[in-house]
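Remember, predicted model here, so these are calculated numbers, not experimental data.
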Amino acid sequence: MPVEETILAGLNAQQREAVTTTEGPVLIVAGPGSGKTRVLTHRIAYLLSVRHIDPHQVLAVTFTNKAAKEMRDRLERLVGAQINGLTVGTFHAFCARVLRRDGERVGIAQDFTIYDDADQISVMKQALRDLNLDPKQYGPRTILSTISAGKSNGVTADEFAGLASSYWEEIAGRVYPVYQRLLRLHNALDFDDLLLMTFLLLTTRQDVLDRYQHRYRYIHVDEYQDTNHVQYRLVKELAAKHQNLCVVGDPDQSIYGWRQADIRNILDFERDFPKAKTILLEQNYRSSRRIVDAAQAVISMNTQRKQKHLMTENADGPAISVREHYDEGQEAQFVVQEIQRLVTVGPYRPNDCAVMYRTNAQSRILEEACIRFGLPYQLIGGTRFYERKEVKDVLALLRLVHNPSDGAAFERIIDNTPLGRGIGKQSVAALNAWARAHNTAAVAGCRALVEGMEPLPPVTGRPATGLADIARFVAGMRATLHDTGIVAFFDALLERSGYLRMLEEAGIDEADRVENVNELRSVVADYEMLEAPQALATFLEEAALVSDQDMYNRTADDTEKATLITLHAAKGLEFPVVFIVGAEENILPHSRSQESAAELEEERRLFFVGITRAKERLYISHVFKRTVWGNEQYATRSRFVDSIPPDIIEEIGSSTRRLPAVSPPQTNATRWETHPQPLPHREGSNGHAGQTRVPLPASGGGQGVGFRAGDRVSHPKFGDGAVVSVRDLGDDQEVTIAFVGAGVKKLMASLARIEKRR
């Protein structure tokens with residue numbers, strides 16, 4: 001079969017058009033499950049094998065390392081060695097590569113370290129102390145978030161203060177330059193700096209921009225709806241010369257506004273590139289028809305979107321299960337036991353099932369239920385491998401050898417490894433004060449103690465000896481790095497630092513920590529084909545840029561584990577069975593979104609993303625009451641659930657607390673809809689619109705008594721309530737009911753005047 005036919009085989013008409021339209025700007029609006037990864041990989045394969053474009057001239061930008069690896073693996077299967085020279089990676093990885101090569105043009109040394117969240121917090125606390133600001137009063141994380149928003153919008157430290165419009169921003173404007181100075185002192189960049197400094201490099205050094213524009217004639221950007229302003233401007237600069245820019249995304253899946261992602265980047269693509277061709281991928285290959293129909297009904301309520309209609313040729317599948325439970329405990333118990341039932345009756349394995357929730361706090365009760373009922377699980381977004389103490393300790397040793405100016409790594413080594421024994425906090429504080437006064441790194445002070453060169457840090461005795469030993473350790477390991485392979489270097493580092501011996505001597509309590517260090521050695525071994533200095537730099541960079549999604553595992557070893565995951569982290573994944581829990585007002589949608597139509601639309605997109613992760617079965621649950629911040633609160637079912645057509649759901653339980661139904665907005669399919677719809681009027685929590693009361697038939701001989709847990713009921717004295725449990729007593733039932741305002745009552749079904757509602 002000719003190469004072109006091989007690459008285009010199996011693609012539908014819209015996918016083929018997207019693959020073969022290679023010249024000029026192209027916007028591919030790809031609905032969930034529409035094969036966008038396949039389209040991207042086949043498009044690049046088409047460029048290489050049919051158009052014979054030099055792979056050196058092709059750039060593909062993804063949002064996770066996992067997506068980048070999947071793309072490269074697929075391309076290798078399609079075209080083999082033709083991918084050599086192709087650039088595939090995340091925005092941050094691409095920018096790190098640019099800065100390693102050309103960053104010195106804007107004052108960035110080649111051996112910079114990428115600081116993670118914990119490192120950034122440490123530096124921020126020092127910046128606050130330098131300004132005599134109390135970190136307890138001025139939260140380091142909040143200030144970092146404010147500065148991050150500025151960086152994501154291209155605002156430098158010099159510009160920020162002039163743009164401040166509030167007291168908090170004025171404080172951040174004072175801290176920003178001090179924070180940046182400390183990062184430079186440590187020869188470090190935070191995640192936002194990778195993007196911002198690359199943008200500044202390309203916009204202030206025309207020769208550098210010309211070189212990258214000349215190289216990358218064909219640029220592809222995945223998940224374009226999730227780009228922030230700096231990423232958007234980076235892409236425009238790189239594509240300005242040849243205009244061969246292909247962006248793939250879906251406004252309906254833009255869920256990272258809180259991380260400064262700007263949906264306008266994809267909504268305005270045709271305005272930015274008037275000659276752009278727009279191609280819609282609307283056929284869903286992932287989900288059953290009922291799931292696709294539910295997703296379409298939910299998202300059609302939004303206005304900030306490109307009009308498209310999702311469709312599928314898949315089977316109808318089971319009805320969507322919408323269930324109300326009494327409280328979060330009963331909800332968690334149902335989820336776990338239903339997974340166990342599905343596994344028992346088949347054909348599912350535990351790892352076919354995912355439980356998704358809006359906030360990390362919701363995972364606790366689910367974890368407890370998994371443990372109680374013996375369901376193995378993996379928690380995505382928990383303590384990641386690279387965040388475990390022993391792994392971070394060894395990474396700090398590696399980082400300090402790679403970048404001796406890395407102050408955060410230096411302090412971690414003193415606090416957590418044998419190299420720090422005998423060195424107290426006062427000695428470290430004195431050394432750091434000396435380093436800042438002389439505008440140098442702490443390790444430079446350690447070297448001064450070795451060489452006896454003035455000016456010396458004000459540290460003497462055993463602490464001075466210990467600091468000098470650290471300087472000797474770093475110098476010796478840097479020499480070893482250039483004389484051996486990366487694995488031999490890693491082993492020597494563990495031995496000379498005494499770290500592995502410290503864990504082994506701790507005995508059985510540290511066995512897992514030793515295993516994790518050995519696992520880290522296995523990861524390092526993957527870089528053995530590179531020369532050790534390059535291997536170390538590449539490993540540290542990739543380890544720093546690992547995301548929660550990159551850590552998601554579905555290997556053979558994990559077939560017995562269900563997945564607990566936030567809706568945000570679930571984007572890009574798919575599962576045969578999905579449970580969305582906590583589908584209630586003030587949770588999904590989150591309470592913080594209630595006053596903004598734009599934020600409410602993003603919450604609806606988040607619900608849409610959750611629905612479209614499901615392939616075969618979808619469960620959506622909400623509760624009668626939920627404990628929030630230690631207080632019991634009666635819940636109102638999420639308005640998003642009520643958007644799903646009733647003929648495709650199986651509803652169990654019926655809440656009296658619902659918001660009024662709202663018709664979907666009328667949209668024009670030929671233009672962008674960018675004006676958020678006003679929020680619908682919300683009834684109070686006691687509204688009963690659309691509810692009917694159905695009296696039960698009289699009890700007799702066991703006939704007509706049909707209460708079960710979760711039923712909604714009312715009583716002439718106690719009012720409205722929910723059935724908590726039922727005990728059969730021959731021809732009668734003892735019904736335990738939680739009444740609103742009257743508490744929990746036990747009633748005999750044959751005697752009490754209980755009415756079931758639907």
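- The only member of Y357, F607, W258 that meets ring-ring contact (aromatic ring centres under 6.0 Å, His included) when paired with H568 is W258.
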Next item on the list: Assess whether side chain to side chain donor-acceptor pair (under 3.5 Å) is satisfied between R74 and T37, documenting all intermediate values.
Entry: CA-CA 9 Å; R74 288 195 188 190; T37 303; 5.2 Å; no

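- Between L8 and R16, the shortest heavy-atom distance links the atoms O-NH2, 3.3 Å.
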Next item on the list: Tell me, with the steps shown, if Y218 and Q57 meet side chain to side chain donor-acceptor pair (under 3.5 Å).
Entry: CA-CA 6 Å; Y218 294 88; Q57 296 180 319; over 6 Å; no

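- Listed by first then second residue, pairs satisfying side chain to side chain donor-acceptor pair (under 3.5 Å) with a partner in residues 228-237 read Y232-D272, not counting sequence neighbours.
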Item checked: CA sep, side-chain torsions, deciding dist, call: R364, E367, salt bridge (charged side-chain N to carboxylate O under 4.0 Å, His left out) -> CA-CA 5 Å; R364 179 192 60 81; E367 287 188 83; over 6 Å; no

Notebook entry, point to check: Would R592 and E603 satisfy salt bridge (charged side-chain N to carboxylate O under 4.0 Å, His left out), going step by step from the backbone distance to the final call?
Noted result: CA-CA 10 Å; R592 290 194 298 266; E603 291 288 301; over 6 Å; no

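- For the pair R100 and F112, the cation sits on the ring face: its NZ or CZ lies under 6.0 Å from the ring centre, inside 45° of the axis.
- Between K151 and D190, at least one side-chain N (NZ, or NE/NH1/NH2) sits under 4.0 Å from a carboxylate O, which counts as a salt bridge.
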Notebook entry, point to check: S593 and E602: side chain to side chain donor-acceptor pair (under 3.5 Å), yes or no, with the steps?
Noted result: CA-CA 8 Å; S593 71; E602 180 161 318; over 6 Å; no

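- There is no side-chain donor-acceptor pair under 3.5 Å between S148 and Q260.
- Partners of H56 according to the side chain to side chain donor-acceptor pair (under 3.5 Å) rule, which considers only residues two or more places apart in sequence or in another chain, are R215.
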Margin query: Would Q120 and R141 count as a side-chain contact (heavy atoms from CB on, under 4.5 Å) here? Give the steps.
Written below: CA-CA 9 Å; Q120 292 171 41; R141 192 171 296 280; over 6 Å; no

Next item on the list: For salt bridge (charged side-chain N to carboxylate O under 4.0 Å, His left out), just list the numbers for D393 and R513, CA-CA rounded to whole Å, side-chain angles, deciding distance to a tenth of an Å, and then say yes or no.
Entry: CA-CA 11 Å; D393 291 344; R513 297 187 184 277; over 6 Å; no

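- A distance-only check finds a donor-acceptor pair linking the side chain of S363 to the backbone of N360 [under 3.5 Å].
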Note to self: Run the salt bridge (charged side-chain N to carboxylate O under 4.0 Å, His left out) test on K69 and D73 for me, step by step, so that the C-alpha distance in whole Å, both residues' side-chain angles and the decisive distance to 0.1 Å come before the verdict.
What the structure shows: CA-CA 6 Å; K69 183 179 185 303; D73 290 345; 2.9 Å; yes

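- The neighbour count for R97 CZ, taken as heavy atoms of other residues, nucleotides or ligands under 6.0 Å away, does not exceed 12.
- Taking 4.0 Å as the cut-off between side-chain N and carboxylate O, E282 and K308 do not count as a salt-bridged pair.
- Judged purely by distance below 3.5 Å, without hydrogens or angles, the side chains of Y386 and D116 never pair a donor atom with an acceptor atom.
- Around CZ of R289, the count of heavy atoms belonging to other residues, nucleotides or ligands within 6.0 Å exceeds 12.
- Side chains of T359 and Q362: a donor-acceptor N/O pair is present below 3.5 angstrom, by distance only.
- Other residues, nucleotides and ligands place more than 12 heavy atoms under 6.0 Å from the CD atom of E528.
- The pair E76-R72 does not meet the salt-bridge criterion, since no charged nitrogen lies less than 4.0 angstrom from a carboxylate oxygen.
- Between the side chain of Q225 and the backbone N or O of D250 there is at least one donor-acceptor pair closer than 3.5 Å.
- Between Y46 and T22, the side chains place no donor N or O within less than 3.5 Å of an acceptor N or O (distance only, hydrogens not considered).
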